[in-house]
Amino acid sequence: MADITLVEAITQALAYEMRKDKDVVILGEDVGKDGGVFRATLGLLNEFGPERVRDTPLAESMIAGLAIGMAAQGLKPVAEFQFMGFIYPAYDQIVNHAARIRNRTRGRLSCPVVFRTPYGAGIHAPEHHSESTEAIFAHIPGLRVVVPSSPARAYGLLLASIRDPDPVIFLEPSRLYRWAKQEVPDDGKALPLDVCFTLRVGTDVTLVTWGAMVKETLAAADTLAKQGISAEVIDVATIKPLDIETILASVEKTGRCVIIHEAARSCGVGADISAQIAERGLMFLQAPVQRVTGYDTIVPYARLEKLYIPNEKQILAAVTNVMEFA
Amino acid sequence: MADITLVEAITQALAYEMRKDKDVVILGEDVGKDGGVFRATLGLLNEFGPERVRDTPLAESMIAGLAIGMAAQGLKPVAEFQFMGFIYPAYDQIVNHAARIRNRTRGRLSCPVVFRTPYGAGIHAPEHHSESTEAIFAHIPGLRVVVPSSPARAYGLLLASIRDPDPVIFLEPSRLYRWAKQEVPDDGKALPLDVCFTLRVGTDVTLVTWGAMVKETLAAADTLAKQGISAEVIDVATIKPLDIETILASVEKTGRCVIIHEAARSCGVGADISAQIAERGLMFLQAPVQRVTGYDTIVPYARLEKLYIPNEKQILAAVTNVMEFA
Amino acid sequence: MNVVAKFEIPYYQCLDESSILHGNLPDSVKDTKQLVKLYRLMVLLRIFDTKAIALQRTGKLGTYPSTRGQEAVFVGMGAALANDDVFVPYYRDVGTLIQRGVKLSDILLYWGGDERGNCYHKDSEDFPYSVPVGSQPLHGAGIATALKIRGEKRAVLVTCGDGASSQGDFYEALNVAGAWKLPIVFVVSNNQWAISVPRSAQSASQTIAQKAVAAGIEGEQVDGNDVIAVCDRVTLALKKAREKNEPVLLEILSYRQSDHTTADDASRYEPQGIREKEWLKEPIGRMRKYLEAAKLWDEEKEKALQAECSVDVEGVVKEYLNTPPQSPESMFDSLYAKLPDIYLEQREQLIQKEIVAHG
Amino acid sequence: MNVVAKFEIPYYQCLDESSILHGNLPDSVKDTKQLVKLYRLMVLLRIFDTKAIALQRTGKLGTYPSTRGQEAVFVGMGAALANDDVFVPYYRDVGTLIQRGVKLSDILLYWGGDERGNCYHKDSEDFPYSVPVGSQPLHGAGIATALKIRGEKRAVLVTCGDGASSQGDFYEALNVAGAWKLPIVFVVSNNQWAISVPRSAQSASQTIAQKAVAAGIEGEQVDGNDVIAVCDRVTLALKKAREKNEPVLLEILSYRQSDHTTADDASRYEPQGIREKEWLKEPIGRMRKYLEAAKLWDEEKEKALQAECSVDVEGVVKEYLNTPPQSPESMFDSLYAKLPDIYLEQREQLIQKEIVAHG
Ligand SMILES: Cc1ncc(C[n+]2csc(CCOP(=O)(O)OP(=O)(O)O)c2C)c(N)n1
Ligand SMILES: Cc1ncc(C[n+]2csc(CCOP(=O)(O)OP(=O)(O)O)c2C)c(N)n1
Ligand SMILES: [Mg+2]
Ligand SMILES: [Mg+2]
């Protein structure tokens, strides 16, 4: 079996589930012949035809609104937004309807939609192509927010998201789309939607992260290992609902925690994790939790974007801080 | 001088600034003859005419987009959304444009708009009329987020917001619109946009809150005083940028902190405040910071909404927790 | 200069302002039983409406939007729908909903602030009221997409007000319905007002029907005080949608003979005299006069009907007022198919809060 | 059935596919200097375009959207604008921008990933490129509202693509422009594609021009390979906007003779042969043939122009490549009029980060 990239794992999961379940339908801009601007839906039009792989007119609120109606009829739409910066016109439909239809009807109707979109900076694209605003969905009751960071997790979490009976915001770190390859058996096995993944076991410090920052965080853990510091690395992966127990258990063990995310700092998801640790873990914290995050500024155009994204050095500096805290 | 309500203070501020500055223009649904569904713009059409008090077609993205264009021309639009639950169609225009025009043009163009909207639950209105989603704006660089909680602060903060050269999300707690009256001199004096208001000075515990929850929090402080507990009450008022220094100074003094907000708990603004206290104030914390918040659920329809909103008892229980922590 | 495209917007009316029928009764409303049924429903609606407003005034109901003057619109639409069509209403509709098997007591429950008013019957595929103005046409288009993918010969009927026709979502829905040839009928119930904003201030378009032109679909105006025309045009449009996947936009013209809702006071902005003038076209009187002329109705029947409706509505109110409250934790119980564990603690706290509050 | 409204969509062309002028030269383009200027600009644009693509291919520029085939659209519009009108472009426009005093090197700077490409000259009131498709018509309407409130006799020109015409914001902007009688001209540059989605899949409307009907404003189609017609129709529309506050929607028809951007590969979806067929209508050759027939142009002039443009473009590229980088803290320095104190620490950290990275 050949190794595949994260974006290929997405395609593989879509194809698997479409073969298995005729209710799965894809819609979005350029998802058909073009296979999507990142080729995530490559080949699906050929295999499943234009009824199930639907190029839409150019309107994001429409994409979300259609998906909601389709889902209420029992279809399982997978809607693609071309970049996260273009999901905002759909925010009303997602927040006011997708997240609420089940509750509004006390369970009579439901909204099993997956809203997929590439996310994050680092691919030298124009403005609005670099957003990491998972927090604006993580705050909304009724939604799930999922962020894969490896081909295998992309495959398993996307399957789970499609099968989940509720709306899922599925954020694909575009910087990782073709970063690392991995063997991903096409076995249709889903991963759980509310459990963090512990990528490295460690004893001295807990590094909590998700999305593309998993890359820098793992690199930092490697460097730390060489320095004799044993870092536990947790990929949150399911931002909402958030599996705080796994994180707390780890921090109880290590006594130290650094949270790393690419999104702007203020009111980012890192704040919520930090707050929960502070509320429930104050007793075993040996140093204040540190956040390494994007700045509270607009992601700059391509030339400066690298400076925006947190890097390994920043993570190491934060770890040094928590290790040396007295 | 007669005492006035919060909503009357809004009207007074609007009228004051429109008299002083001909560039101030109001737009929104029903802001004209009707004076707005809460009467916040009452009488303004008569005084300033239909060019400056503009009833719009029914479209929120349009309201925001128009305001952005008007502001780039040097007007100072005050745009009203009828309820916060209807601001979401404008989210794209606010986040992708209002918040970014200055940065995008390196300061050549700017966006001095105030986006006003009633906010919060507790007025027995239908679905979508009870939102407290300040966090989805507090996360966005380039915006300011302001929440008044008394007639005087409504007046002074609205004046400051209109005069501010950048976009401000101005959230008016509808539950407080006609709650308490106060004398508010029409002197055109603005209040600062990035300083918390310490409403009560205290020594034992810091209660941090904003918006309609100021009401329950002050009541709790009264009760605590009777029990011999001296609570410092901080009305954050300017959610973004957040004046963490005032909060930290208070917590340094009291050693204990409870944060109270109406919005859903996960990724609410309270999380960010708690995280910042944990990062910078761990040394002087005598108990974990507690959050008393709305639940992670959709604000229920009128019959159950009272149960949704945090009450004084919950605040007192949290204070007991932090006081008894050992 | 060449002309590359031409369009016309038709207007339909059967029963004119003086209750004179122009042409024959259309096929869909030929049956005299059907005629009487439409009339009876309109009367029921008005009696219910009056009662609902009274309930609100006495603190027994929340904000409520009256249907007064728009009875023909909602009743006519409801009669045109087939059982297995899917209906996507906006908040002002009672007349279609009751023909969809929704209990009047559920409608009161909804406006009384209880989500269970949206439960309808278990098998209903209809959407509940959607409060955000203009958001529902896209849901309708999505449902129609599903029906078409499955090759079912069913149609969707989605409604909104004239104000809603200014929302981007409205146009996006028309546009995709045209592009995808969806089995859907869009109805704009043009009652001339969006709260205080008159129709003329919403748009410079001479008609709302012509907004269909932007999407390359058919648009027509219908007299909304004429229940026969409404029922017929909606029937034909649904047939077209079902059989040919041709979407249609119907602008149905009437007048809001009330405040926007019980929270509104139209005297602040409604010019004097209009309402009275428009009342002359009002749908119930118009139909009654026609039925009486056709010897299908008389004073006695009217009295009996009024009495019957009043009794029915009293029953409905009783049912509504006697509905046991929802449990506090119902707030969590339909949030997800299965509530994620991390929210269980909050759910428990909520139950405790309720006990403390009443304990 | 009565007809309550009727509409026609006209189509305008001056110079046909064979470079034959139908009728007289319109007033706005009568001047031979003007004719030659339009031609020269189109040639400059194409040479610049070729160069920009080459820069991208060699890693010296980011993603870039070609204007190939659409030169007449952008050049014609730019020539029609008055200096004190306000222009709101979308990302594909170079030809109007250069007539607004924007340096070609700034356009490269923008696509090279540097915000300073949006600075233009200090006094410019024009908007920069807006990437979110369909978002800019509302900004244009807002600007037009400001101009009208102030009673200034200026107009706004706002542009977008055919794909953008499916966005709700687009319709909302047309609608308010009609309702408020705003001094604005909307141009849809219909290049037949929105990335891989053909015009026919965007909408069932026979023309995009007819979307104006929804807003009760005028709409017309213009041959976008005919720079004379483009310049004239935009000139007249702007005049109408300025003088009578009558908004107009112009659909300008051409063909995208390129990939969507350098990140795209149109061979994946563009049917074979279309591009070549459409090339026969291409604007530059068409205009050259006309100018030559009118003895306003010849081979020698062409050679000189080509050489001149190449030199100019080389200069522009040099200027672009030699632009010193922005400081890291520029990321914060235009975020607010005055950066709130609480962000100063982050700004400082950023400066340190840069020093560490390069130290
Ligand atoms: C998106 C949104 N914006 C604003 C409101 C507040 N609002 C409720 S009804 C209404 C007017 C709607 O008018 P129209 O569409 O004509 O329907 P009608 O009520 O007249 O039947 C408004 C502005 C809302 N519910 N949703
Ligand atoms: C809101 C939004 N959605 C999606 C995109 C991605 N995107 C960029 S250009 C484009 C196609 C635009 O087509 P059209 O409007 O016809 O303009 P053209 O590029 O053909 O000139 C798309 C989908 C975007 N930039 N903005
Ligand atoms: Mg209306
Ligand atoms: Mg195009």
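In what follows, chains are A, B, ... by sequence order, proteins preceding strands, each numbered from 1. Atoms considered below: every heavy atom in the structure, side chains included; atoms not considered: hydrogens, waters and symmetry mates.
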With respect to chain D, which residue among [options] yields the maximal number of heavy-atom pairs within a distance under 4.5 Å?
| options | value |
| --- | --- |
| Ala177(C), Ala214(C), Gly168(C) | Ala214(C) |
| Gln202(C), Glu220(C), Gln13(C) | Gln202(C) |
| Ser203(C), Gly219(C), Cys14(C) | Ser203(C) |
| Gly216(C), Gly23(C), Ala212(C) | Gly216(C) |
| Glu8(C), Gln167(C), Lys181(C) | Glu8(C) |
| Tyr11(C), Trp180(C), Phe170(C) | Tyr11(C) |

Flag the pair [X] / [Y] as yes when at least one side-chain heavy-atom distance between them is below 4.5 Å, and no otherwise.
| X | Y | value |
| --- | --- | --- |
| Val133(D) | Tyr91(D) | yes |
| Tyr171(C) | Lys211(D) | no |
| Arg286(C) | Val227(C) | no |
| Lys277(C) | Tyr255(C) | no |

With side chain to side chain contact (heavy atoms under 4.5 Å, CB included) as the criterion, how do Arg242(D) and Asp85(D) come out once you've worked through the C-alpha distance, each side chain's angles and the decisive distance to 0.1 Å? CA-CA 9 Å; Arg242(D) 269 182 232 113; Asp85(D) 289 337; 2.6 Å; yes
Interface residue of largest heavy-atom contact number with chain C, from Ala209(D), Ser200(D), Ala215(D), Ala173(D), under 4.5 Å: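 Heavy-atom pairs under 4.5 Å are most numerous for Ala215(D).
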Salt-bridged, Lys281(D) to Asp223(D), with N to O below 4.0 Å?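 Judged by the 4.0 Å cut-off on N to carboxylate O distance, Lys281(D) and Asp223(D) do not form a salt bridge.
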Toward chain D, the part of [X] with a non-hydrogen atom under 4.5 Å:
| X | answer |
| --- | --- |
| Thr207(C) | side chain |
| Ala5(C) | both |
| Gln221(C) | side chain |

Consider only side-chain N and O atoms of Asp226(D) and Tyr290(D), and report whether a donor and an acceptor are under 3.5 Å apart.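 No - no donor-acceptor pair under 3.5 Å links their side chains.
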